[in-house]
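Below you'll find the structure, written out as structure tokens, and then a few comments.
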Amino acid sequence: MRRVDALVLLSTLSQSTLVASKGAPRGVGPEFVKFYESKTSFACIGNPSIKLDSSRINDNSCDCPDGSDEPGTAACSYLDGLSPEQPLPGSKTGTTNTTNSLPGFWCENKGHIGSYVPFAYVNDGVCDYELCCDGSEEFAHVGGVKCQNKCDSIGKEWRRVEGERRKSKERSAAARRQLLKEAGDLRRTVEGRIASLKQELENLEIKKSELQVKFEEVERSEKGKVVKPEGQGGKLGVLLGVAKARVRELRSTLDKVMDQRDDYADKVEQLEEILKNLKEEYNPNFNDEGVKAAVKAYEDYAASAAPEKKPDITDGEILDILKEDGETTGINWAEFEEEEGSDADIVYNLEAYLPEFARDYIHQKLNILRVWLIENGMLADNPVKPGGETRLVQAAREALEAAKNEHTSKTASLEEQERDLNQEYGPDGIFRALKGRCVSTEVGEYEYELCWMGQTTQKSKKGHGNTNMGNFVKFDKQVADEEDRADGKGLGKGQRMVMKFENGQGCWNGPNRRTDVWLACAEKDELWRVSESEKCVYRMEVGTPAACEDVGEPGVKTKDEL
Ligand code: MAN
């Protein structure tokens, strides 16, 4: 209890109270010295009409109603402002005047910081070093107690701790400034995105109406055309169709030529037979000049006829060539028609080779290009399927659809960004920088996690799954009343920011889980403690630079420090 009082007193005193009360009666603090200047008389501070002889100051008898004549003894300690209120409830005795004009016994504490000690501690036989490091409050040596002056070592340690605390405060403030910078950058990024999305949507509106007009135009003009399919795709497709037709034509011509050849061969054979018979059967005794000349010519023809030679190409080979093309004979046209697209098809299907994220964008650009290529005669325009819409109509339709889809998705992005811009992100929007980051700690069988601006989660270490303890709803302010912790990881006293997380997973036979996340200033984000104040109502205590006060740049003194 005494330690706590000491801390309170030390922490409430400013540097100005370090001044010693030289020449003043024992126990008088610097700000009261003026009341004790007279060497002869003394007027009670709270009751100046009551005048006493100076010798009654510190005579161990409480004469002034406000106790001001006993600044250096415990005689008026029952009036101590730091003692319980008098009279105690229900007490029939005692005075109702509980106010002592003096805050306590003043210890100068040279080498450290002067402070007031409750009057009840004066000469009680206990050295109260936390309050009175110079030991001056035990001047009567009650029970032989003699207190040493420990102000040098206590003061040194205090200054070390205080220095650390100040440095930590500076580090926290620097971390806060960094967060503020990040939050500002992020906000500007969102604003930039909104501006460019608005511009893109404006352009898309124009593009959409242009593409709508184009699609309708193309559809109208294509409806009137009778499209004759010839091959597939572009030049290669056309060439394929032409080559197939040409091969078919050559094969049929060859077939006809073979038939003709066979006819002529039959005829020659018949004529040779006739002439051979004539030569054998004519009567040489008849002087028929015409017959003689014919026989002579035949004999010359037979004599000069070359012996039969093996033909360069056999009938079998020709018959093979004449067989219809198919999977195992000649050219398998189906293979060429089905597998590889035409050169135009490569352009038609180019986006299939692209990564997913770029596909929609490129698809739209390509469709516009296709329409242009088709319209300018650089791409064949023919139906995708016989009787279906032409490539031109398809490309125009797809370009329009792509623009519509892009418009829809950009509108959704714009709405999302605008929602984000209007969302509450705490003082100066600092929590924008923390969004998405998480801190966690283990307590018992659970690991607890806080994801800033997101949700709080209870994770079972035994693998029983995760439980949503609430989703972020709003910032609130509540008053904390806790003693300071030695490690600084506590809420302390005063108004604190509280983040409300609600509508978590339903509690069995109870409400939905919710969490109050109490914030205190710290150098880094840390989840200090988690408790369940009542069933499914949780409380997290969290340190973060985002909850620090603005203490300005290091080196620039604040009002307190001046
Ligand atoms: C689980 C945990 C506890 C909670 C009970 C309620 O065990 O989420 O925190 O109190 O459920 O049934």
Side-chain angles (χ1 to χ4, degrees), residues 4 168 172 175-176 179 182-183 186 416 419-420 422-549:
V4 172
S168 164
S172 305
R176 179 180 178 274
L179 283 179
E182 284 170 27
L186 286 169
E416 195 189 320
R419 259 198 310 278
D420 183 80
N422 296 326
Q423 149 122 43
E424 170 71 63
Y425 277 107
D428 300 321
I430 195 165
F431 286 87
R432 189 184 286 281
L434 291 179
K435 187 181 181 181
R437 291 196 215 164
C438 303
V439 282
S440 64
T441 191
E442 291 186 5
V443 182
E445 58 178 301
Y446 298 109
E447 182 194 350
Y448 289 90
E449 185 181 64
L450 156 71
C451 290
W452 298 105
M453 309 303 294
Q455 73 166 62
T456 50
T457 313
Q458 184 184 54
K459 300 177 175 181
S460 165
K461 288 200 274 179
K462 291 180 184 161
H464 296 154
N466 297 351
T467 306
N468 180 342
M469 295 160 62
N471 305 300
F472 174 71
V473 176
K474 61 175 180 182
F475 287 94
D476 199 4
K477 279 191 172 158
Q478 278 171 254
V479 176
D481 187 14
E482 284 183 10
E483 296 302 337
D484 283 325
R485 290 174 188 258
D487 61 3
K489 296 181 177 182
L491 299 176
K493 292 185 191 331
Q495 201 173 58
R496 299 284 175 263
M497 225 187 303
V498 180
M499 295 174 86
K500 299 277 186 184
F501 288 71
E502 291 169 12
N503 291 317
Q505 200 167 307
C507 193
W508 193 71
N509 264 349
N512 284 6
R513 285 172 172 79
R514 62 187 167 87
T515 315
D516 281 356
V517 177
W518 287 70
L519 305 179
C521 172
E523 279 182 47
K524 55 180 184 58
D525 295 341
E526 205 175 351
L527 177 47
W528 292 328
R529 273 169 294 282
V530 184
S531 53
E532 193 172 350
S533 47
E534 56 185 277
K535 205 171 168 195
C536 296
V537 178
Y538 305 88
R539 168 187 167 111
M540 287 183 171
E541 290 172 32
V542 183
T544 172
C548 296
E549 281 166 26

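Both counts, for ligands and for their atoms, begin at 1 and track the order of listing. Every value quoted in this text rests on a predicted model; they were computed, and no experiment measured them.
Within a 6.0 Å sphere centred on NZ of K524, heavy atoms belonging to other residues, nucleotides or ligands number 12 at most. The number of heavy atoms from other shown groups lying within 6.0 Å of CZ (R514) does not exceed 12.
In this view, Y425 satisfies the ring pair (Phe, Tyr, Trp, His ring centres under 6.0 Å) rule with no residue, not counting sequence neighbours. Judged as a ring pair (Phe, Tyr, Trp, His ring centres under 6.0 Å), and not counting sequence neighbours, the contacts of F431 are W452, F475. For Y538, there are no ring pair (Phe, Tyr, Trp, His ring centres under 6.0 Å) partners at least two apart in sequence or on another chain.
The one candidate from E523, E482, E526 that meets the salt bridge (charged side-chain N to carboxylate O under 4.0 Å, His left out) condition with K489 is E526.
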Could you give the N/O to N/O pairs under 3.5 Å linking ligand 1 and the protein, each with its distance?
from     : atom 1 : to   : atom 2 : distance (Å)
ligand 1 : 7 (O)  : Y446 : OH     : 3.3
ligand 1 : 8 (O)  : Q458 : OE1    : 2.6
ligand 1 : 8 (O)  : R513 : NE     : 3.4
ligand 1 : 8 (O)  : R513 : NH2    : 2.9
ligand 1 : 8 (O)  : Y538 : OH     : 3.3
ligand 1 : 9 (O)  : Q458 : NE2    : 3.0
ligand 1 : 9 (O)  : E532 : OE1    : 2.8
ligand 1 : 9 (O)  : E532 : OE2    : 3.3
ligand 1 : 9 (O)  : Y538 : OH     : 2.8
ligand 1 : 10 (O) : E532 : OE2    : 2.5
ligand 1 : 11 (O) : R513 : NH2    : 3.0

